[in-house]
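Single-structure report; data block below.
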Amino acid sequence: MRRIVVVGTQWGDEGKGKITDYLAQRADVVVRYQGGNNAGHTVVINNQKYSLHLLPSGILNPNIINVMANGMVIDPKAFCQELSKIKTPFKLFVSNRAHIVLPYHPKLDLAYELSKGDAKIGTTHKGIGPAYTDKVARIGLRVGTFVNENRFYHHLKELVERKNYELSLYKQPLLDFESIFAEYREYAKVMEPFVCDTSILLNELIEQDKKILFEGAQGVLLCLDHGTYPYVTSSSPTAASVPLNTGIAPWLVEGAIGVTKAYTTRVGSGPMPSEIEGELAHYIRETGREYGTTTGRPRRIGWLDTVILRHTKCVSGLSYLAVTLLDVLTGIDELKIVTSYNLDGQEIDYLPSDIEDYERVMPNYMVLPGWKTDISQVKSYDELPKEAKNYLDVISNLVGVKIGMFSVGPDRNQTIMIEPFF
Ligand code: IMP
C-alpha cells in the first residue's frame, strides 16, 4: 500500500505516535488531518525527547514532507512554541483552510465544562470543541484569513466582541482585542511561509506516486459521530474522515492500520466497560507509564475489549492491527479479553448508541494464560513465548483482522513488523 492511515482503535493514547514514527521512516509524506493540540506523543531520537502535539510525526526527518491539513484546528501560539523546538531542517505545509484556535476558545472550553458539573466531558481545555463549534457555525477564522493582516484585523475585532458577550454570560473575564491582535499577528508572520492549498499539494504528490501516511489523532471511540457521544472529541479520527479533511478522493486511501494497546486505557469521563481498579490497574498504569502526554492525567485502565475493536473495524475499516505495549502484560497470570456485552439480560455484540445504555453494559470475558518471560528484546513474532503468540492470535481471530505489527517497548527497535504492508 502506498497511502495508508494510522488510526487509534480505542479512546486515544494507543501508541499511534510510535507506530507512525516507525512507519514514517518508509514514507515520503506525513499528514495530520484532524484535531489540534489536544493530541500528544513523545518521540525519542538520539536520546533527545520531543513532545509533539500539533506538528506531524515526520517533522524530525528532513526528507519527509509534513502537511497539516484542512481538518485540523491550529492554536498559533502552540504551533510557534512547538516549531521553535525543532532544531533540524524540516519540510512543512499548513492548509489555508484549517481553522485557528484563538484565546477565547480554551476559556469557553473551560466555562462549558464547569457549567456541566458532574456531567463534564473531561476535555483537554485546549479549546478544541469551541473552535470546531465556530467552524460549523460558520464564524471560524481560517488560516488563510489569519495570515492576511487586514482581514485578520477585521475578523478578529468582530469575533472578540461576539465572544466577550458569550464570556460575560459565563461570568468570565473579558478579552482585549488590541493585545490579542498584536500578539497573534506575530504568530501569523511565523506561520505564513508554510501556508498553501494542501489539497492541491497532496493531489500533486499522489500523482508523483509518493508514499503517504495519514496520521490520526485521538481514537475512533472519541469520534464525534461513531464514538461514545457525548464523551468524545469534536472531530472524526476515523479513516473515513481522511478524504474530507485533506481534500483527496476517498478511493485514494488504500488501507488503515488500527493501533490498539494490548489492553485498554481512557482519560476523561464516560463509560469503559472493561475498566479495572486496584492493584492490577496500578501495576499496569505504572508499568505502561499511563499518564496523559498533554494533561499529565492518570489514565483509566481496562482489559482489551474486542467489541470496541469490531466497532472500529465496522465504522472506520481496518486493514491490519498494530498491537502496542504487549510487554506491559508480562508477568500477569491470567489475561482477560472482552468478547461481548450483556445488556438487560441479552448478549450483544455492538456499542449501544445511547450513552445511558452503554453505561449499563456488562462485559463477557475470555480468560487466557499470561507469560512470564521478558519479551522486550524479541525481534520477531516467532521469538514470542507461546502464550503471547496465542494472545495475539486470539485478538486477530476475534476481530477478524491480521496483526501487522506489535511493539514491546518505547524504542523504535522494539516495534516489530510482521507483514510488510507499507
Ligand atoms: P477535547 O478533544 O479536548 O475536546 O476532549 C474531549 C475528550 O477527548 C476528552 O475525554 C479528552 O480526554 C479526550 N481526548 C482528546 N484528545 C485526546 C488524546 O489525544 N488522547 C486521549 N484522549 C483525548
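Keep in mind the model is a prediction, meaning the values are calculated, not measured. Counting starts at 1 for both ligands and their atoms, following the listed order.
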Would you check whether [X] has a nitrogen or oxygen atom less than 3.5 angstrom from a nitrogen or oxygen atom of ligand 1?
X: Gln218; result: yes
X: Arg297; result: yes
X: Thr123; result: no

I'd like to know whether ligand 1 has [X] as a neighbour, heavy-atom separation below 4.0 Å.
X: Tyr231; value: no
X: Lys126; value: no
X: Val232; value: yes
X: Ala217; value: no
X: Ala39; value: yes

**OP:** For the pair Asp197 and Arg97, find out whether any cationic side-chain nitrogen is under 4.0 Å from an anionic carboxylate oxygen.
**Re:**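 Between Arg97 and Asp197 there is a salt bridge, with a charged N closer than 4.0 Å to a carboxylate O.
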**OP:** Out of Leu224, Leu222, Asn38, indicate the one that has the non-hydrogen atom closest to atom 8 (O) of ligand 1.
**Re:**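 That would be Leu222.
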Original post:
Which option, Gly12, Ser269, Gly40, Gly122, owns the non-hydrogen atom nearest atom 11 (C) of ligand 1?
Top reply: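 It is Gly122 that holds the nearest heavy atom.
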Original post:
Between Tyr358 and Trp11, what is the ring plane arrangement, given parallel below 30°, perpendicular above 60°, and tilted in between?
Top reply: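 Plane angle between 30° and 60°, so tilted.
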Subject >> Nearest protein heavy atom with distance in Å, relative to atom 2 (O) of ligand 1 >> reply: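 Looking only at protein heavy atoms, the one closest to atom 2 (O) of ligand 1 is Thr233 OG1, 2.6 Å.
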